[in-house]
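Below, all heavy atoms of this structure are taken into account, side chains as well, without hydrogens, waters or symmetry copies. First listed ligand is number 1; within each ligand, the first listed atom is number 1.
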Amino acid sequence: MPKANNQTPRAPRTAIAILAAGKGTRLKSKHPKVLHEVGGKPLLAHVIAAATKVVPAEDVFAIIGHEAERVRSTVAATGVGFVLQQEQRGTGHALMVAREALAPYDLVIALSGDAPLITSQTIEQLRDFHLSKKAAMTLLTAHLGNPSGYGRIVRKNAGQADVKAIVEQKNLTPAQQKIREINAGFYAFDAKALFDRIDKLGTDNHHGEFYLTDMAAILAKAKQRVVAVQASNAHEVLGGNTRAELSEIDQHMRLAKCRQLMDQGVTILFPQTCVIDNDVEVGADTVIEPSVQLRGTTRVGSDTRIGSYSVILSCDIGDNVLVQTGCVLEHSVIKARASLGPYSHLRPGCEVCEEAHIGNFVELKKTRVGKGSKANHLTYLGDTEVGEKVNVGAGTITCNYDGVNKHKTIIEDGVFVGSDSILIAPLRIGKGAYVAAATTVTEDVPPDSLALGRARQIVKEGWAKQKREKAQAQKAK
Ligand code: UD1
Ligand code: CA
């Protein structure tokens with residue numbers, strides 16, 4: 001509900017309704033349209049982010065219907081309100097069912113939940129134009145090279161703000177087909193004007209639905225002012241009705257993200273090949289090589305280098321880190337001056353401390369590697385704590401899982417683990433101890449001692465020579 005007392009008396013109480021109940025038939029998907037992702041986030045999450053920059057979350061209402069519970073739980077953390085449109089009978093019907101939530105406001109802004117490039121500045125532009133014209137309804141428009149699929153704007157007189165009607169694609173007359181000015185699907189309404197006449201919407205159209213767009217002609221005929229304002233960036237209005245449109249929007253968003261990072265001092269080689277999600281942060285003088293993915297809430301510090309083909313999901317990477325080619329890193333922390341790769345795999349819950357080295361074909365899971373420690377080749381460390389200045393030799397494997405439970409391995413500071421060692425958890429290797437190469441360690445190793453557990457070598461002198469000679473004699477027969 002609107003709060004009258006925290007706004008100045010003259011400022012109209014403003015609600016934003018986001019239309020998000022539709023199924024998205026054209027996507028041919030089992031998932032609801034507004035949960036399809038661009039820039040690494042659901043369509044609806046982008047629209048909510050723009051809306052909540054204009055009004056508080058409590059004045060934003062998402063109108064949900066198809067798979068309502070899934071949609072609600074995906075964006076519930078934003079704090080917006082929800083209105084259920086049980087049956088989806090059109091964009092006009094969506095506002096009819098939201099009447100109770102919206103009618104107490106002075107101004108209702110309606111946004112399409114499937115058009116995620118909209119910015120808060122454009123919503124404000126729409127609102128301010130609406131208020132300056134004292135209109136009953138204001139719509140945002142754009143001129144598109146290919147306007148097909150969008151409703152077209154029929155102006156009262158060319159060059160004037162006033163609008164006579166919006167005509168949907170399927171109802172265009174041959175003359176109207178030439179109109180390039182399209183309806184973006186973003187509107188500002190005087191709440192009273194909207195709800196006084198919304199019941200006049202009918203379903204006499206191609207889809208048998210209540211079209212919100214018909215409000216333009218209904219209000220114009222009732223001598224209420226209907227005006228249109230052009231979006232300053234035409235691409236902001238793009239809606240994702242098809243997979244191809246979603247991909248176009250995604251590319252737009254990601255290139256814009258790369259440009260923003262470059263403006264902040266990040267070098268991105270071949271940005272067209274990089275996939276960087278909207279919420280990612282990168283510090284200045286970091287270099288991102290071609291074909292890198294930075295996803296989720298990843299943060300990268302300054303002076304770091306991220307090698308080609310690395311895929312990084314929601315990690316926190318410090319300054320002066322080197323991530324070489326082909327690393328896969330998830331939900332982990334990598335501290336300053338550490339080095340990873342090529343081809344390291346950090347599964348969730350890892351921490352690689354300052355100056356640590358994790359090398360080729362090394363997999364870590366829920367593992368902390370202390371400052372200056374190294375695991376450079378062909379190693380698996382799971383549920384392990386590695387202290388400082390530890391050397392983990394090539395081919396070391398922790399056996400953390402006994403088929404039922406996971407167990408911890410603790411390797412204290414300064415330990416040297418020889419190559420090809422098998423560490424059977426639960427296990428503690430004390431400070432400064434040595435594990436001889438190829439040892440299977442089953443019991444705790446006290447500090448400063450040597451653990452050695454492998455079959456003693458047998459040497460049979462001359463054995464190979466004899467074997468060769470025997471084979472040659474056989475051949476000569
Ligand atoms: C709509 C407009 C069209 C405009 C275009 C801009 C209508 C009739 N047409 O067409 O003029 O050019 O947007 O993108 O409005 N929705 C509901 N409940 C419903 C039906 C739809 O919440 O009963 C939601 C959808 O989930 C979607 C939004 O409303 O987020 C727009 O609906 P959609 O079917 O995509 O409309 P368009 O055909 O794109
Ligand atoms: Ca649409």
Side-chain angles (χ1 to χ4, degrees), residues 16-27 29 31-36 38 42-48 51 61-68 70-72 75 82-98 102 110-118 126 137 139-144 146-154 163 165-172 176 179-187 189 198 201-218 228 231 234-246 248-249:
I16 297 185
I18 304 177
L19 278 60
K23 179 166 187 276
T25 312
R26 288 164 279 182
L27 289 173
S29 174
H31 311 294
K33 166 152 78 174
V34 293
L35 293 190
H36 277 258
V38 292
L43 295 174
L44 180 56
H46 290 282
V47 183
I48 290 177
F61 299 89
I63 301 169
I64 56 176
H66 180 72
E67 293 249 30
R70 244 184 98 189
V71 176
R72 182 202 302 261
V75 297
F82 296 93
V83 173
L84 186 64
Q85 186 192 13
Q86 194 90 47
E87 256 188 288
Q88 294 92 54
R89 301 180 62 198
T91 47
H93 182 249
L95 288 196
M96 288 177 183
V97 303
L102 301 175
L111 308 177
S112 269
D114 65 349
L117 291 165
I118 189 70
L126 173 67
M137 173 179 185
L139 36 124
L140 188 75
T141 72
H143 285 268
L144 293 186
N146 173 14
S148 99
Y150 292 89
R152 307 305 153 71
I153 307 301
V154 182
V163 170
I166 304 169
V167 184
E168 289 303 295
Q169 170 85 23
K170 295 249 160 67
N171 303 328
L172 293 171
Q176 288 168 339
I179 301 174
R180 294 252 171 283
E181 186 175 24
I182 62 99
N183 168 34
F186 304 113
Y187 317 88
F189 289 101
I198 198 166
L201 288 176
T203 56
D204 182 17
N205 54 50
H206 185 81
H207 291 106
E209 290 185 345
F210 295 99
Y211 286 172
L212 185 56
T213 46
D214 289 344
M215 284 309 298
I218 289 171
H235 72 261
E236 273 188 39
V237 310
L238 295 178
N241 298 309
T242 63
R243 303 265 177 175
E245 285 170 357
L246 284 180
E248 205 177 301
I249 292 169

Legend entry - Donor-acceptor side-chain pairing of His93 and Gln85 below 3.5 angstrom: yes
Which side-chain N or O atoms in residues 207-214 pair as donor and acceptor under 3.5 Å with protein atoms at least two apart or in another chain?
from, atom 1, to, atom 2, distance (Å)
His207, ND1, Tyr211, OH, 3.0

Legend entry - Protein N, O or S atoms lying under 3.0 Å from the Ca ion (ligand 2), listed by chain and number: Asp114 OD2, Asn241 OD1
Legend entry - Ile153 and Leu139, any side-chain heavy atoms less than 4.5 Å apart: yes
Inset, instruction - Identify, for atom 21 (C) of ligand 1, the protein heavy atom at the shortest distance, and state residue, atom and that distance. - result: Thr91 CG2, 3.8 Å
Legend entry - Closest approach of Gln86 to Leu84 (non-hydrogen atoms, all atoms of both residues): OE1-CD2, 3.3 Å
Legend entry - pair Val154-Gln176: side-chain heavy atoms closer than 4.5 Å: yes
Legend entry - Atom indices of ligand 1 within 4.0 angstrom of Tyr150 heavy atoms, with elements: 6 (C), 12 (O), 14 (O)
Legend entry - Atoms in ligand 1 with a heavy atom of Gly151 nearer than 4.0 Å: 3 (C), 4 (C), 11 (O), 12 (O)
Legend entry - Side chain Ser112, main chain Asp114, donor-acceptor under 3.5 Å: no
Legend entry - Test item: His66 side-chain N/O and Val71 main-chain N/O as donor-acceptor pair under 3.5 Å: no
Legend entry - 4.5 Å side-chain heavy-atom contact, Arg70 and His31: yes
Legend entry - For ligand 1, the portion of Ala184 having any non-hydrogen atom under 4.0 Å away: backbone
Inset, instruction - Using side chain to side chain donor-acceptor pair (under 3.5 Å) as the criterion, list what pairs up with Thr141, not counting sequence neighbours. - result: Glu181
Legend entry - Non-hydrogen side-chain atoms of Phe189 and Met215 separated by less than 4.5 Å: yes
Inset, instruction - Take every heavy atom of Gly239, measure it against each atom of ligand 1, and state whether any distance is under 4.0 Å. - result: no
Legend entry - Sub-3.5 Å N/O-N/O distance, Glu168 and ligand 1: yes
Inset, instruction - Examine ligand 1 and decide if any of its atoms is less than 4.0 Å from a heavy atom belonging to Arg26. - result: yes
Inset, instruction - Report, in ascending order of atom number, the atoms of ligand 1 lying under 4.0 Å from any heavy atom of Gln88. - result: 19 (C), 23 (O)
Legend entry - Protein contact to atom 4 (C) of ligand 1 [nearest heavy atom, distance to 0.1 Å]: Asn183 O, 3.2 Å
Inset, instruction - May I ask whether Asn241 has any heavy atom positioned less than 4.0 angstrom from an atom of ligand 1? - result: yes
Inset, instruction - Going by the side chain to side chain contact (heavy atoms under 4.5 Å, CB included) test, name the single residue among Ile48, Leu246, Leu117 that passes it with Leu43. - result: Leu246
Inset, instruction - Can you pull out the closest protein heavy atom to atom 29 (O) of ligand 1? Residue, atom name and distance to 0.1 Å, please. - result: Leu19 CB, 3.3 Å
Legend entry - Shortest non-hydrogen contact between Ala17 and Leu102, atoms and distance: CB-CD1, 3.9 Å
Legend entry - Gly22 N/O to ligand 1 N/O under 3.5 Å: yes
Legend entry - Contacting atoms of ligand 1, where contact means under 4.0 angstrom from a heavy atom of Arg89: 23 (O)
Legend entry - Validation row: Asn241, Lys33 side chains within 4.5 angstrom (heavy atoms): yes
Legend entry - Tyr150: partners by ring-ring contact (aromatic ring centres under 6.0 Å, His included), with sequence neighbours left out: none
Inset, instruction - For atom 9 (N) of ligand 1, decide whether some protein heavy-atom distance is shorter than 4.0 Å. - result: yes
Legend entry - Arg152 side-chain N/O to Val167 backbone N/O, donor-acceptor pair under 3.5 Å: no
Legend entry - Test item, Gly90 contacting ligand 1 (heavy atom, 4.0 angstrom): yes
Legend entry - Interfacing atoms of ligand 1 (cut-off 4.0 Å, heavy-atom, Lys33): 35 (O)
Inset, instruction - Answer with side chain, backbone, both or neither: which part of His93 has a heavy atom less than 4.0 angstrom from an atom of ligand 1? - result: neither
Legend entry - Protein residue, atom and distance nearest to atom 22 (O) of ligand 1, heavy-atom basis: Ala21 N, 2.9 Å
Legend entry - Side-chain donor-acceptor pair present, Lys170, Asn205, cut-off under 3.5 Å: no
Inset, instruction - Kindly identify the option in Met96, Glu209, Gln85 whose heavy atom sits closest to atom 18 (N) of ligand 1. - result: Gln85
Inset, instruction - State the atoms of ligand 1, each with its element, that fall below the 4.0 Å cut-off from a heavy-atom position in Thr213. - result: 7 (C), 8 (C), 9 (N), 11 (O), 15 (O)
